[in-house]
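Note sheet for the following structure.
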Number of protein chains: 2
Amino acid sequence: MRKIYNCDPGCPVQSTLQFISGKWKTVIMYHLFKNSKLRFSELQRKLPYVNKRMLSKQLLELEKDNIIHKEIYPVVPVKTEYTLTNFGKSFEPIVNAMEIWGENFNQNSKRDH
Amino acid sequence: MRKIYNCDPGCPVQSTLQFISGKWKTVIMYHLFKNSKLRFSELQRKLPYVNKRMLSKQLLELEKDNIIHKEIYPVVPVKTEYTLTNFGKSFEPIVNAMEIWGENFNQNSKRDH
DNA sequence: TCACTTAGGGACTAATTATTCACCTACTTT
DNA sequence: AAAGTAGGTGAATAATTAGTCCCTAAGTGA
């Protein structure tokens, strides 16, 4: 279980971190911003370094926090689809800023090498 | 030791996370953006829920990653000052976005209650 | 009938992070 | 001489995260 820190009322960054701290959450959200709808196996392919147990756990937490929505289709074999909720979408500026920073960094690393 | 994940080359968010994941890093950076220069004890006061061992470790990592700069004044008792490097400052859009999101969230929580 | 499919869950262990607590330096104040 | 100060560090422990391996459901195709 995640511990929710009793944030210093003056610290908005802390409030934000409650939801998105964790190593994979923003990455998952990033892929959902890019694709809007992804199946479990598609997410697995996009995050090959995260094993499925972990991925599953992170998705559960994101769902519990109402950041993503899971739709289960009772077909065989079963199919699931994950989408961002409106609440989840409110994190877009943050994920965007992270994306931009990372792209820049990757560019510079390539050049400097 | 932090593990640096061999990022999927296509995942800029991962690149970003290498530097700022961790529970307190962005909070520390946030305070340094607000104040530009802070002593160890001032940071302690701003993050009362983080003990100083942890604070010290996070500061060390941030310094190692060249995100902050530490200036030691050899007076008695010793005095230190932390500032953001230029590299550290490049994270401003991210920390800003987190600040804005958190402020909004705090506002809404207040209203909804 | 056997194997294969997708999307996980359960039990367990390993690795990493966070936290506590006591201790240090080198001088100043009481 | 004892206590206080700022800014830490080391050892030990607690808590959290990550990873492995095996299991299930309910068809489909060979």
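By convention in this document, chain letters (A, B, ...) are assigned in the order of the sequence lines, proteins followed by strands, and residues within each chain are numbered from 1.
Close to D:dG8, at under 4.0 Å from its OP1 or OP2, lies a side-chain N or O of B:Y82. Phosphate proximity of C:dA18 to B:Y49: absent, as no side-chain N or O sits under 4.0 Å from OP1 or OP2. For C:dT6, neither phosphate oxygen OP1 nor OP2 lies less than 4.0 angstrom from any side-chain nitrogen or oxygen of A:T80. The phosphate of C:dA7 (OP1 or OP2) has no side-chain N or O of A:S56 nearer than 4.0 angstrom.
At whole-Å resolution of the value, CH2 in B:W24 and C1' in C:dT17 are 12 Å apart. Between the CG atom of A:L47 and the P atom of C:dA7 there is a distance of 15 Å, given to the nearest Å. A:L55 places its CG atom 12 Å from the P atom of D:dG19, with the value rounded to the nearest Å. Straight-line distance from the CD1 atom of A:I68 to the P atom of C:dA7: 14 Å, rounded to whole Å. Here D:dT17 presents its P atom at 13 Å from CG of A:L62, a figure rounded to the nearest Å. Between the CD1 atom of B:I20 and the P atom of C:dT17 there is a distance of 16 Å, given to the nearest Å. What separates CD1 of A:I72 from P of C:dT6 is a distance of 17 Å, to the nearest Å. The distance from atom NZ of B:K79 to atom C1' of D:dT5 is 14 Å, rounded to the nearest whole Å.
One finds no salt bridge joining A:K79 and A:E71 here, because no Lys/Arg side-chain nitrogen approaches an Asp/Glu carboxylate oxygen to under 4.0 Å.
Between B:F91 and A:W101, the two ring planes are parallel [angle under 30°; tilted spans 30° to 60°].
Interatomic distance, A:K25 NZ to A:E61 CD, rounded to the nearest 0.5 Å: 4.0 Å. Taken to the nearest 0.5 Å, the CD atom of B:E42 stands 12.0 Å off from the CG atom of B:L47.
What you find for A:V50 and A:M54 is that their closest heavy atoms are CG1-CB, 3.7 Å.
The residue A:Y73 sits apart from the nucleic acid: no heavy atom pair falls under 4.0 Å. Contacts of B:Q58 with the nucleic acid, taken as non-hydrogen atoms under 4.0 Å apart, involve only primed sugar atoms and P, OP1 or OP2.
Proximity of a side-chain donor or acceptor of A:S21 to a complementary backbone N or O of B:K23 within less than 3.5 Å is not detected. A donor-acceptor pair under 3.5 Å is formed between the side chain of B:N51 and the backbone N or O of B:R53. Proximity of a side-chain donor or acceptor of A:T16 to a complementary backbone N or O of B:M98 within less than 3.5 Å is detected. Side-chain atoms of B:S90 come within 3.5 Å of backbone atoms of B:F87 as a donor-acceptor pair (strictly under, hydrogens ignored).
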Is there any protein nitrogen or oxygen under 3.5 Å from a nitrogen or oxygen in nucleotides 20-24 of chain C, and what are the pairs?
unit_1: C:dT20; atom_1: OP2; unit_2: B:N51; atom_2: ND2; d: 2.9

Could you list the protein-to-nucleotides 24-30 of chain D atom pairs, N/O on both sides, closer than 3.5 Å?
none

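Distances from the side chain of B:K57 to the nucleotides C:dG8, C:dT19, D:dG7 place C:dT19 closest.
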request  = Let me see the working for A:Y49 and A:W24 under ring-ring contact (aromatic ring centres under 6.0 Å, His included), right down to the final yes or no.
outcome  = CA-CA 10 Å; A:Y49 36 87; A:W24 316 115; 5.7 Å; yes
